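Report on one structure; see the data block that follows.
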Amino acid sequence: MKHDLDPIQIDRIIEMAWEDRTTFDAIQFQFGLKEQDVIDLMRTHMKTSSFKMWRKRVSGRKTKHEKKRTFAKGRFKCSRQRSINNNKISKR
């Protein structure tokens, strides 16, 4: 892999790759890694069994590709979640 990433960035990329709603496009925008680069990174930095579990989970998942999504952009917010204003959690 030709990208110089520090361990904190690698951890964040792995975390984003596991998240259902984080697209490969978002990872590419933030870190400059294409989907295949993320797959190679995951293969290199994870145990074989964890990588296989991730690949099985991600393969064909529409939410990992911006163009295949059926829902509107934006974050999901539970109706019971407290709103955040100015980095402070406000009471209901």
Side-chain angles (χ1 to χ4, degrees):
M1 188 178 306
K2 54 191 166 207
H3 302 279
D4 294 323
L5 300 168
D6 62 45
I8 293 172
Q9 291 173 316
I10 292 170
D11 285 347
R12 181 63 184 136
I13 292 166
I14 291 171
E15 182 181 1
M16 291 173 76
W18 272 101
E19 294 170 349
D20 288 340
R21 290 183 171 252
T22 302
T23 63
F24 288 115
D25 298 324
I27 296 171
Q28 183 174 3
F29 178 78
Q30 189 168 350
F31 295 99
L33 299 175
K34 294 181 180 179
E35 181 178 352
Q36 188 59 52
D37 296 330
V38 174
I39 293 168
D40 293 341
L41 182 137
M42 299 288 277
R43 182 180 283 119
T44 304
H45 290 89
M46 294 176 69
K47 294 187 305 185
T48 303
S49 60
S50 298
F51 173 75
K52 287 179 180 178
M53 184 186 327
W54 175 76
R55 282 300 289 156
K56 184 177 179 182
R57 177 183 168 90
V58 170
S59 295
R61 187 172 288 265
K62 292 181 180 180
T63 57
K64 294 304 282 184
H65 298 277
E66 193 76 36
K67 293 179 182 176
K68 293 182 180 179
R69 288 179 162 202
T70 56
F71 56 88
K73 290 184 181 182
R75 291 185 56 189
F76 170 76
K77 182 176 176 185
C78 177
S79 62
R80 295 177 305 279
Q81 181 179 350
R82 293 181 180 179
S83 60
I84 300 173
N85 294 323
N86 298 327
N87 293 331
K88 295 181 180 178
I89 300 174
S90 45
K91 296 180 181 177
R92 291 186 207 192

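In this text, all values refer to a predicted model and were calculated from it rather than measured experimentally.
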Query raised in the report: About how many Å separate CE of Met46 and CZ of Arg55, when rounded to the nearest 0.5 Å?
Result: 11.5 Å
Report task. Check whether any side-chain heavy atom of Leu41 sits under 4.5 Å from a side-chain heavy atom of Phe31, and report yes or no. Result -> no
Query raised in the report: Do the side chains of Trp54 and Ile39 get nearer than 4.5 Å, heavy atoms only?
Result: yes
Report task. Indicate yes or no: at least one non-hydrogen side-chain atom of Gln28 is less than 4.5 angstrom from one of Val38. Result -> no
Query - Rounded distance [0.5 Å steps], CG in Asp4 versus CD in Gln9 - result: 9.5 Å
Requested in this report: State, to 0.1 Å, how close Phe51 and Met42 come at their nearest heavy-atom pair, and which atoms those are.
Outcome: CD1-C, 3.7 Å
**Report entry** Side-chain touch Met16/Ile13, heavy atoms, less than 4.5 angstrom
**Finding:** no
Report task. Considering only NZ, NE, NH1 and NH2 on the basic side and carboxylate oxygens on the acidic side, decide whether Arg43 and Asp40 come within less than 4.0 Å. Result -> yes
Query raised in the report: Below 4.5 Å, heavy atoms only, C-beta onward: do Glu19 and Glu15 meet side chain to side chain?
Result: yes
